Amino acid sequence: MADAATAVKADSRLIIPLDLPTVAEARAIVATLGDAVSFYKVGLELFATGGMDFARELKGQGKQVFLDWKLHDIGTTVERSAAVLAGSGCDFLTVHGEPQVMTSAVKGRGASNLKVLAVTVLTSLSDADLVEMGYAESAKSLVERRIRQALEAGCDGVIASPHEAALAREIGGKDFLVVTPGVRPDWSAKNDQARAATPADALRAGASHIVCGRPITAAEDPKAAAGRVIAEMAGL
Ligand code: C5P
């Protein structure tokens, strides 16, 4: 009889972050997950050590790739960087949610398939942090302002905590991408995700995609853990 874990069919709404210090470790987890996972996020840690070449390698394997670069620079630099990254054939790119940055990234990716996603306000920032940085607005209000600005700039979506997903969906409409980290199944450790939501709750709130890492990558059997998350997503 086929092992249930080997029969898992990937759900492209599930994105696995490859938050690992070496390409060798990232390659190993991708091999372990096999056909159970089709979408990976490559972030700054891995970019610093060959991650961009690895992103191209993943594309070569037919995977979808989310480049979590969080671009934030002068317009010309963002535009030119987005144009180069669009040439990689990757699927998602993050930029900080400031109007000039977002508009430049959208211009740079041009007619390519690269979707530009705005990071509204980093969830590590409190209202007090924003005051210290010179903002006269609460995090909640700034998140809402930036979702609207992302839409106006032509971004394809935003990164949103599960608690912001409903607002992003309401403002952005049905085709807006709402990509939600901070996702923890009931059965897994919360790690440092203080206000986590389950995969099903995140999707119900309006997420188009969920980012779920350590519950799967640090599990004893990552493929089986991915299967449990995918089953929960399918059961909605
Ligand atoms: O392992 P875990 O599921 O916590 O990974 C979550 C991923 O989402 C990490 O790559 C983390 O950097 C990213 N992220 C997050 N919270 C945010 C924005 C991004 O956890 N607000």
Side-chain angles (χ1 to χ4, degrees), residues 11 13-23 25-26 29-30 32-33 36-37 39-49 51-52 54-55 58 64-72 90-97 115-127 129-130 139-140 142-144 146-147 150 155 157-168 177-203 205-220 222 225-226 228-230 232-233:
D11 184 326
R13 297 174 299 172
L14 172 63
I15 303 176
I16 307 288
L18 295 170
D19 296 321
L20 296 159
T22 65
V23 167
E25 287 163 88
I29 191 79
V30 170
T32 299
L33 290 168
V37 172
F39 211 150
Y40 288 98
K41 177 169 96 68
V42 180
L44 292 179
E45 185 180 359
L46 203 56
F47 282 132
T49 174
M52 198 58 221
F54 185 61
L58 288 173
Q64 286 184 281
V65 180
F66 171 178
L67 303 173
D68 194 9
W69 278 82
K70 295 190 179 68
L71 294 182
H72 190 197
C90 288
D91 301 276
F92 288 179
L93 169 69
T94 44
V95 303
H96 278 275
K115 307 289 187 208
V116 176
L117 305 175
V119 176
T120 55
V121 179
L122 293 170
T123 48
S124 56
L125 296 176
S126 66
D127 287 348
D129 291 324
L130 290 176
K140 187 165 180 279
L142 190 55
V143 164
E144 179 166 350
R146 288 186 163 174
I147 295 170
C155 286
V158 293
I159 307 299
S161 78
H163 307 278
E164 298 159 353
L167 181 68
L177 297 172
V178 178
V179 179
T180 304
V183 171
R184 288 289 179 271
D186 282 336
W187 44 265
S188 78
K190 299 289 171 279
N191 310 113
D192 47 9
Q193 299 287 8
R195 298 188 306 129
T198 66
D201 284 343
L203 292 176
S208 58
H209 296 77
I210 61 169
V211 176
C212 184
R214 286 163 289 178
I216 293 170
T217 56
E220 209 164 292
R228 288 180 79 178
V229 172
I230 291 165
E232 178 176 337
M233 294 166 73

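When a ligand or atom number is given, it counts from 1 through the structure's own listing order. Along the sequence shown, the residues carry numbers beginning at 1. Bear in mind the structure is a predicted one, so any value in this text is a computation, not a measurement.
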What is the minimum heavy-atom distance between Pro215 and Val183, and which atoms define it? CG-O, 4.3 Å

Protein contact to atom 12 (O) of ligand 1 [nearest heavy atom, distance to 0.1 Å]: Lys41 NZ, 4.2 Å

How close do Pro17 and Thr217 get, heavy atom to heavy atom, and via which atoms? O-CG2, 4.3 Å

For atom 2 (P) of ligand 1, the closest protein heavy atom turns out to be Arg184 NH2, 3.4 Å

the protein heavy atom lying closest to atom 9 (C) of ligand 1 turns out to be Asp19 OD2, 3.1 Å

So is Gly213 polar-close to ligand 1, meaning N/O to N/O under 3.5 Å? yes

Name the closest protein heavy atom to atom 16 (N) of ligand 1, giving the residue it belongs to and the distance to 0.1 Å. Pro181 CG, 3.7 Å

Where is the tightest heavy-atom contact between Phe47 and Val42, given as atom of each residue plus distance? CE1-O, 3.1 Å

Tell me which protein heavy atom sits closest to atom 6 (C) of ligand 1, plus the residue, atom name and distance to 0.1 Å. Gln193 NE2, 3.9 Å

Quick one: look at Cys212 and ligand 1, take heavy-atom pairs under 4.0 Å, and tell me if it's side chain, backbone, both or neither. backbone

Between atom CZ of Phe66 and atom CG of Leu117, what is the distance when rounded to the nearest 0.5 Å? 5.5 Å

Heavy-atom nearest option to atom 17 (C) of ligand 1, drawn from Thr123, Val121, Asp192: Thr123

Taking only heavy atoms of Arg214, which atoms of ligand 1 are found under 4.0 Å from at least one of them? 1 (O), 2 (P), 3 (O), 4 (O)

Would you check, one step at a time, whether the test side-chain contact (heavy atoms from CB on, under 4.5 Å) holds for Leu44 with Asp68? CA-CA 7 Å; Leu44 292 179; Asp68 194 9; over 6 Å; no

Determine whether the aromatic ring centres of residues Phe92 and His209 are separated by less than 6.0 angstrom. yes

More than 12 foreign heavy atoms under 6.0 Å from NZ of Lys140: is that the case here? no

Would you please determine whether Asn191 falls within less than 4.0 Å of ligand 1 on a heavy-atom basis? no

Considering all heavy atoms, the nearest Glu232-Ala200 contact: OE2-N, 3.0 Å

Among protein heavy atoms, which sits nearest to atom 5 (O) of ligand 1, and what does the distance come to when rounded to 0.1 Å? Pro17 CG, 3.7 Å

